[in-house]
*Asks:* 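Handing you this structure, nothing more for now.
For ligands, and for the atoms within them, numbers begin at 1 and follow the listed sequence. Atoms considered below: every heavy atom in the structure, side chains included; atoms not considered: hydrogens, waters and symmetry mates.
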Amino acid sequence: MIEKNVCLKPYNTFGLGAQAKLMARVDSVSNLQEILADNSLHNEPRFILGGGSNILLTKDIDALVIKNEISGIELINETEDSFFVKSGAGIPWHELVMHCITNGYAGIENLSLIPGNVGAAPMQNIGAYGVELKDVFHVLEAVELATGNVRSFSASECEFGYRESVFKRKLKDEFVISSVTLRLNKQANLNTSYGAIDQELERLGISSPTIKDVSQAVIGIRQSKLPDPKVLGNSGSFFKNPVVQTVIYEELKTKYPEIPGYPAGENTKLAAGWLIEQCGWKGKVVGNTGSHGKQALVLVNYGNATGVEIFNLSEQIMKSVYDTFGVQLEREVNVY
Ligand code: FAD
Ligand code: NAP
């Protein structure tokens with residue numbers, strides 16, 4: 001069924017009240033192909049929606065919103081050292097993580113509690129605490145919007161990068177991801193040295209952690225630092241961490257000895273949150289929006305913000321970081 005004039009407020013974690021001209025919920029590939037083949041909808045632009053946790057709606061969406069609700073999690077293969085787990089694109093990402101932890105499939109415990117759906121995870125190669133989707137990715141299936149044909153993409157075809165993939169660049173708006181298959185480990189290879197995981201495990205009195213312990217530590221840290229979108233609208237990190245030439249980092253370090261920098265190949269990754277905080281934005285309220293008091297990288301909606309207000313705040317932040325450090329921030333959130 002096609003719904004008309006749908007308010008998108010419940011469908012985006014910023015809680016912005018843009019209107020969609022049309023909305024179709026799809027729960028299978030064949031259902032999606034029927035919608036794509038429907039002649040009465042041929043002239044409508046398409047907008048693919050998952051959990052709405054990485055979008056900023058600055059205007060009404062004059063398009064057919066395709067809300068991906070394809071479900072199902074299945075163990076499709078097993079080798080001596082790996083489990084191959086296929087998930088429908090409409091499964092909430094954290095539900096898949098919990099399913100894997102319950103069944104002893106290791107590798108995505110550091111990616112616990114990331115909002116959104118499985119289908120969007122490859123879009124920006126989701127990452128947290130030193131693990132990225134690409135580390136466990138096997139293959140995905142996607143339906144081409146123009147033809148309805150199903151195509152498989154291997155990891156190299158996805159062109160994963162830091163919060164990047166081919167679906168955000170060359171193939172933007174051309175495919176709907178319908179399923180993702182992960183290759184998970186039978187033998188856990190824990191990564192607890194990133195961020196505050198080790199400290200949190202120590203605080204919990206855990207010296208030989210399991211994947212469940214690591215997941216719980218990550219959940220605890222995230223809950224203590226990040227605003228819950230159900231309480232305070234937000235889209236997580238609004239900006240990417242900028243990657244600069246190491247020589248530029250060294251120059252910045254002479255002026256700002258405290259500046260954090262992490263090796264990124266030959267370059268250095270800066271912490272966008274730190275740069276924003278130094279410019280005085282952390283916890284600052286601007287009208288109905290602002291930068292969060294516990295993590296400056298997260299922009300929030302205090303209740304009545306519009307997407308344009310949030311976008312304008314992001315422009316001001318980008319300008320002051322550039323004026324202060326000469327570093328250009330890039331938005332991670334997809335702006336419409
Ligand atoms: P949406 O916001 O619905 O869509 C995002 C983009 O993907 C849009 O361009 C949309 O058109 C497209 N898209 C969605 N589904 C499909 C599909 N099936 N096929 C093709 N295109 C599609 N991200 C991280 O990487 N790491 C984190 O640690 C993290 N923490 C967060 C914490 C909070 C509190 C919040 C609110 C967000 C966080 N995010 C994080 C960002 C976000 O959760 C992820 O990027 C997530 O993968 C977005 O999923 P979604 O289903 O909500 O996508
Ligand atoms: P944090 O631990 O306070 O660290 C600040 C920044 O420093 C992070 O952005 C992280 O980069 C980087 N960093 C920290 N330790 C590092 C290490 N050992 N090696 C390389 N880089 C390191 O960050 P936080 O805000 O609490 O977030 C924790 C994790 O969750 C991060 O991985 C972050 O990306 C992820 N997260 C993402 C979103 C989102 O919307 N994208 C939202 C919330 C949290 P990276 O960001 O590159 O990891």
*Asks:* Among all the protein's heavy atoms, is there at least one whose distance to atom 4 (O) of ligand 2 comes out below 4.0 Å?
*Replies:* no
*Asks:* Is any N or O atom of Ile126, backbone or side chain, closer than 3.5 Å to an N or O atom of ligand 1?
*Replies:* no
*Asks:* Which option wins on minimum heavy-atom distance to atom 20 (C) of ligand 2: Phe238, Tyr194, Phe239?
*Replies:* Tyr194
*Asks:* Treating Asn68 as the side-chain partner and Ile70 as the backbone partner, does any N or O pair qualify as donor plus acceptor under 3.5 Å?
*Replies:* yes
*Asks:* In terms of atom number and element, which parts of ligand 1 are under 4.0 angstrom from non-hydrogen atoms of Gly127?
*Replies:* 24 (C), 25 (O), 26 (N), 27 (C), 28 (O)
*Asks:* Using modelled atom types only, decide if a donor and an acceptor are shared between the side chain of Ser291 and the backbone of Trp281 within a distance under 3.5 Å.
*Replies:* yes
*Asks:* Using heavy-atom distances, let me know which of Glu132, Met123, Lys67 sits nearest atom 12 (C) of ligand 1.
*Replies:* Met123
*Asks:* Looking only at distances, can you tell me whether any N or O atom of Ile48, backbone or side chain, sits closer than 3.5 Å to an N or O atom of ligand 1?
*Replies:* yes
*Asks:* Which one of Arg163, Arg222, Lys240 has a non-hydrogen atom at the shortest distance from atom 33 (C) of ligand 2?
*Replies:* Arg163
*Asks:* May I ask you to check if ligand 1 and Asn54 share an N or O to N or O distance below 3.5 Å?
*Replies:* yes
*Asks:* Say whether Glu132 and Asn125, considering side chains only, have a donor N or O and an acceptor N or O under 3.5 Å apart.
*Replies:* yes
*Asks:* Hey, does the side chain of His94 reach the backbone of Leu113 with a donor-acceptor pair shorter than 3.5 angstrom?
*Replies:* yes
*Asks:* Please list the nearest protein heavy atom to atom 32 (C) of ligand 1 with its residue and the distance rounded to 0.1 Å.
*Replies:* Arg222 NH2, 3.4 Å
*Asks:* Where is the nearest protein heavy atom to atom 27 (O) of ligand 2: which residue, which atom, and how far?
*Replies:* Tyr129 OH, 4.3 Å
*Asks:* Quick one: do Glu144 and Arg151 make a salt bridge, cutoff under 4.0 Å?
*Replies:* no
*Asks:* When you compare ligand 1 with Pro229, is there at least one nitrogen or oxygen pair between them that comes in under 3.5 angstrom?
*Replies:* no
*Asks:* For ligand 2, does Trp274 get within less than 4.0 Å through its side chain, its backbone, both, or neither, judged by non-hydrogen atoms?
*Replies:* neither
*Asks:* State the atoms of ligand 2, each with its element, that fall below the 4.0 Å cut-off from a heavy-atom position in Asn241.
*Replies:* 8 (C), 9 (O), 11 (O), 45 (P), 46 (O), 47 (O)
*Asks:* Side chains of Gln124 and Glu332 only: does a donor on one sit below 3.5 Å from an acceptor on the other?
*Replies:* yes
*Asks:* Is Ile221 touching ligand 2 with its side chain, its backbone, both, or neither, if touching means heavy atoms under 4.0 Å apart?
*Replies:* neither
*Asks:* For ligand 1, which atoms have a heavy atom of Gly116 less than 4.0 angstrom away?
*Replies:* 49 (O), 50 (P), 51 (O), 52 (O)
*Asks:* Evaluate Gly51 for polar contact with ligand 1, using N/O atom pairs at a separation under 3.5 Å.
*Replies:* yes
*Asks:* Does Gln124, backbone or side chain, put an N or O under 3.5 Å from an N or O of ligand 2?
*Replies:* no
*Asks:* Report yes if some N/O of Ser193 lies less than 3.5 Å from some N/O of ligand 2; otherwise report no.
*Replies:* no
*Asks:* Which atoms of ligand 2 are found less than 4.0 Å from any heavy atom of Lys225?
*Replies:* 1 (P), 3 (O), 24 (P), 26 (O)
*Asks:* Identify the closest protein heavy atom to atom 9 (O) of ligand 1: which residue and atom is it, and at what distance?
*Replies:* Tyr336 OH, 2.6 Å
*Asks:* Check side-chain contact (heavy atoms from CB on, under 4.5 Å) between Lys172 and all other residues, then give those that pass, not counting sequence neighbours.
*Replies:* Tyr336
*Asks:* Distance under 4.0 Å to a non-hydrogen atom of Ala128: what atoms of ligand 1 satisfy this?
*Replies:* 28 (O)
*Asks:* Which atoms of ligand 2 sit under 4.0 Å from any heavy atom of Glu332?
*Replies:* 39 (C), 40 (O), 41 (N)
*Asks:* Quick one: do Glu159 and Arg169 make a salt bridge, cutoff under 4.0 Å?
*Replies:* no
*Asks:* Which bit of Asn12 is near ligand 1, meaning a heavy atom under 4.0 Å away: side chain, backbone, both or neither?
*Replies:* neither
*Asks:* Could you verify whether a donor N or O on one side chain and an acceptor N or O on the other, from Thr210 and Asp213, lie under 3.5 Å apart?
*Replies:* yes
*Asks:* Thr13 to ligand 1: N or O pair under 3.5 Å?
*Replies:* no
*Asks:* Looking at atom 39 (C) of ligand 2, would you say a protein heavy atom lies below 4.0 Å from it?
*Replies:* yes
*Asks:* Does ligand 1 come near enough to Ile114 that some N or O of the ligand is less than 3.5 Å from an N or O of the residue?
*Replies:* no
*Asks:* Are side-chain N/O atoms of Asp198 and Thr192 paired as donor and acceptor at under 3.5 Å?
*Replies:* yes
*Asks:* Just distances here: any N/O of Gly50 and N/O of ligand 1 closer than 3.5 Å?
*Replies:* yes
*Asks:* Find all atoms of ligand 2 within a distance of less than 4.0 Å from any non-hydrogen atom belonging to Gly236, and give their numbers and elements.
*Replies:* 40 (O)
*Asks:* Of all heavy-atom pairs between Glu157 and Ser152, which one has the smallest distance, and what is that distance?
*Replies:* OE1-O, 3.7 Å
*Asks:* If you measure only the distance, is there a donor-acceptor pair under 3.5 Å linking the side chains of Tyr162 and Asn241?
*Replies:* yes
*Asks:* Side-chain polar contacts of residues 9-18 - donor-acceptor pairs under 3.5 angstrom, sequence neighbours left out - could you list them?
*Replies:*
| unit_1 | atom_1 | unit_2 | atom_2 | d |
| --- | --- | --- | --- | --- |
| Tyr11 | OH | Arg25 | NH2 | 2.6 |
| Asn12 | OD1 | Gly15 | N | 3.1 |
| Asn12 | OD1 | Leu16 | N | 3.0 |
| Asn12 | ND2 | Leu8 | O | 2.9 |
| Asn12 | ND2 | Leu16 | O | 2.9 |
| Thr13 | OG1 | Gly52 | O | 3.4 |
| Thr13 | OG1 | Asn234 | O | 2.7 |

*Asks:* For ligand 1 and Ser235, I'd like to know whether there is a polar contact (N/O to N/O, distance under 3.5 Å).
*Replies:* no
*Asks:* Of the backbone atoms (N, CA, C, O) and the side-chain heavy atoms from C-beta on, which set of Tyr262 has a member under 4.0 Å from an atom of ligand 2: side chain, backbone, both, or neither?
*Replies:* side chain
*Asks:* N/O of Ala89 under 3.5 Å from N/O of ligand 1, yes or no?
*Replies:* no
